[in-house]
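Read the structure below first, then the notes.
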Amino acid sequence: MLDALKTELLESIAAAGDLAALEDVRVAALGKKGRITTLMKALGGLDAETRKERGAALNVVKDEVAEAIEVRRAALRDVALAVRLDSERIDVTLPVRPESQGTIHPISQTMDELVAIFAEMGFVVADGPDIEGDFYNFTALNMPPEHPARQMHDTFYLPPAANGETRVLRTHTSPVQIRTMLTQKPPIRIIAPGRTYRSDYDMTHTPMFHQVEALVVDETTHMGHLRGCISDFCRAFFDVDDLPVRFRPSFFPFTEPSAEVDIGCARKGGELKLGNYGDWLEILGCGMVHPRVLEMSGIDPTRYQGFAFGMGIERIAMLKYGIPDLRTFFEADLRWLKHYGFVPLDIPNVAHGAGA
Ligand code: PHE
């Protein structure tokens, strides 16, 4: 009788087609009301001698059945895994789907291009917060409270920080110069692309816009390095080998001497062309880091000197890609994004004219 039960149970274990069916077989045999369990319970009513014999035989069957269930379970698990691996197979050698929908925004693209060009020149990327302390945005840049240059910035002021410090939305990326010099020792060579804010809105101004800051500090850094670096950048970025680059004396409180940089262009019938055509277009501000700025940033101005420049990213993107209206950058118009956006896999690198 026990043999018949064992054979029957082993057969149903072998016949269980999946883990759920196997579990049903287990419950029917070994569960609380399972057949083997019931026989075990019945042992109590037998005399001692028969109980011993039957008990031993039942235990053997019980162990054999439990073992068979475990073996079958492992086999069914392997099958389930194989089925799943098969159904979820991905052929990584297939080409990328061509019908990609999203595009890279021209600002992101331009930032990637800037980073590619400056990385090649040995610069590393630095950043700072959009909400900036008055000290970093103005004071340490040689604009103490009441300095007239502060008025030129149309600053958004925020409620003061817990320690009473005046906070602003940074009006330029120049505070990253201070943060970098306070935390790094020369030689320093960084660029810092990021968002900037000024309370202004018209054809050529949006309250949020982007700049890229560059800072180089070393013992022998001079104005020649500044000129070479900026000229090389302009020619690489706009992909015009003989692009004229002109330095005009200017003023910034945090650089001395200061200059504004123009590139050569032609304006004909509302169209703008870059190159050696006799006309000029301003694209950035620069200069040698003011000794007082070095000093306030913990760098010895008798030993080190540096240059810095700051450039509007929208402006150079508009020039390079022929985008006529600044405000359209931030309207999130899908048609505009499709038209001016970039293919995500077209990663800028210098060999490509950084995306030209
Ligand atoms: N921060 C200046 C601006 O926003 C640009 C600048 C940066 C000029 C670094 C000189 C040196 O206009």
Side-chain angles (χ1 to χ4, degrees), residues 111 114 118 123 125-130 132-144 147-156 168-181 188-200 204-218 221-231 233-234 245-263 281-294 296-297 299 301 304-317 326:
M111 283 191 185
L114 291 165
F118 283 110
F123 285 73
V125 175
D127 68 359
D130 289 16
E132 192 52 281
D134 183 86
F135 172 77
Y136 295 98
N137 197 79
F138 293 122
T139 308
L141 287 162
N142 205 21
M143 286 181 272
H147 192 285
R150 286 185 173 216
Q151 255 92 70
M152 289 161 44
H153 280 217
D154 303 307
T155 312
F156 286 112
V168 301
L169 289 178
R170 65 177 179 185
T171 57
H172 49 177
T173 43
S174 299
V176 183
Q177 287 187 38
I178 308 301
R179 289 183 175 275
T180 305
M181 289 189 282
I188 290 172
R189 223 185 270 177
I190 58 114
I191 59 160
R195 291 196 182 96
T196 47
Y197 306 82
R198 292 183 198 180
S199 179
D200 208 348
T204 51
H205 298 89
T206 50
M208 188 278 299
F209 57 105
H210 298 78
Q211 285 192 343
V212 59
E213 193 81 9
L215 172 71
V216 172
V217 181
D218 207 342
T221 306
H222 57 69
M223 196 92 182
H225 297 132
L226 166 67
R227 293 197 56 165
C229 176
I230 292 176
S231 302
F233 161 73
C234 290
V245 180
R246 177 174 84 171
F247 289 72
R248 250 183 315 105
S250 184
F251 174 81
F252 299 101
F254 35 92
T255 47
E256 180 60 35
S258 304
E260 274 170 327
V261 174
D262 302 333
I263 52 176
L281 184 77
E282 181 198 321
I283 62 156
L284 65 87
C286 64
M288 300 304 294
V289 181
H290 197 293
R292 282 237 281 283
V293 173
L294 291 173
M296 277 186 278
S297 308
I299 290 191
Y304 293 104
Q305 30 192 29
F307 71 75
F309 58 88
M311 189 162 46
I313 295 181
E314 283 78 0
R315 188 171 172 77
I316 59 170
L326 170 68

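Ligands are counted one by one from 1 in listed order, and the atoms in each one are counted from 1 as well.
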Is the centre of the His172 ring less than 6.0 Å from the centre of the Phe254 ring?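 Here the rings of Phe254 and His172 have centres that are less than 6.0 Å from each other.
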Suppose we measure from atom 5 (C) of ligand 1 to each protein heavy atom; which comes out shortest, and what is that distance?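 Scanning the protein heavy atoms, the shortest distance from atom 5 (C) of ligand 1 goes to Gly310 CA, 4.0 Å.
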Looking only at atom types and distance, does a side-chain atom of Asn142 sit under 3.5 Å from a main-chain N or O of Pro253, one as donor and one as acceptor?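 At least one qualifying donor-acceptor pair exists.
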Looking at Ser297 and Val293, would you say the former's side chain and the latter's main chain have a donor-acceptor pair under 3.5 Å?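 Yes, Ser297 side chain to Val293 backbone: donor-acceptor pair under 3.5 Å.
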Any salt bridge linking Arg246 with Asp262? Criterion: basic side-chain nitrogen under 4.0 Å from a carboxylate oxygen.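 The answer is yes: the pair qualifies as a salt bridge.
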Go through ligand 1 atom by atom and flag the ones less than 4.0 Å from a non-hydrogen atom of [X].
X	value
Ser174	1 (N), 7 (C)
Phe254	1 (N), 2 (C), 6 (C), 7 (C), 8 (C), 9 (C), 10 (C), 11 (C)
Cys286	8 (C), 10 (C), 11 (C)
Gln177	9 (C)

Does Phe309 approach ligand 1 within less than 4.0 angstrom via side chain, backbone, both or neither, non-hydrogen atoms only?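 Answer for Phe309: backbone.
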Which of these, His153, Met288, Gln211, His290, has its nearest heavy atom closest to atom 4 (O) of ligand 1?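 Going through His153, Met288, Gln211, His290 one by one, Gln211 has the nearest heavy atom to atom 4 (O) of ligand 1.
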Options Glu213, Arg170, Glu260, Arg198, ranked by nearest heavy atom to atom 3 (C) of ligand 1, top entry: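 Nearest heavy atom to atom 3 (C) of ligand 1 lies in Arg198.
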His225 side chain reached by Val216 side chain, heavy atoms, under 4.5 Å: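 Not touching, per the 4.5 Å side-chain cut-off.
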Going by heavy atoms in the side chains, are Arg150 and Thr139 under 4.5 Å from each other?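 Counting from C-beta outward, Arg150 and Thr139 do come under 4.5 Å.
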